[in-house]
Amino acid sequence: MALRKSSRLPQTALIKQILKRCSSLGKKQGYDDQGLRLDVPKGHFVVYVGENRSRHIVPISFLTRPEFQTLLHQAEEEFGFDHERGLTIPCKEDTFESLTSMLR
């Protein structure tokens, strides 16, 4: 029985890719000189959740939590990493809010 090599990125590479994507959304009004939105505190990043793509600011520390990584893998499978408006999490907003409230 042959083993198949997984096409998934190693966890650290995945986290670096997400952080790079979230921090390089472009320079527009409301962004600092590094391309970060002014309303996003240091140590946090933005995700969009649900059908209405509601915007949530979450701590970077969530990236190491297995529960959040499951959401990231679902996002990768459904959307890949080519997002026009930022990282989109494919779950219902109330489910996301429930999960993140437990992680805090």
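What's counted below: heavy atoms across the whole structure, side chains too, no hydrogens, waters or symmetry copies.
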Do the side chains of L72 and L63 get nearer than 4.5 Å, heavy atoms only? yes

Rounded to the nearest 0.5 Å, what separates atom OG in S61 from atom NE2 in H44? 7.5 Å

Between V47 and F96 the two heavy atoms that sit nearest each other are CG2-CZ, 3.6 Å

As an exercise, state the distance from OG1 of T100 to CD1 of I57, rounded to the nearest 0.5 Å. 12.5 Å

Using atom types as modelled and distance alone, determine if a side-chain donor or acceptor of T88 lies under 3.5 Å from a backbone N or O of Y48. no

Taken to the nearest 0.5 Å, the spacing of F68 CZ from L103 CG works out to 8.0 Å

About how many Å separate CG of L99 and CZ of F62, when rounded to the nearest 0.5 Å? 7.5 Å

Using 0.5 Å steps for rounding, measure from the NZ atom of K42 to the CD1 atom of I60. 9.5 Å

Measure the CD-SG distance between E78 and C91 for me, rounded to the nearest 0.5 Å. 10.0 Å

Would you find a donor on one side and an acceptor on the other, under 3.5 Å apart, between the side chain of H73 and the backbone of L71? no

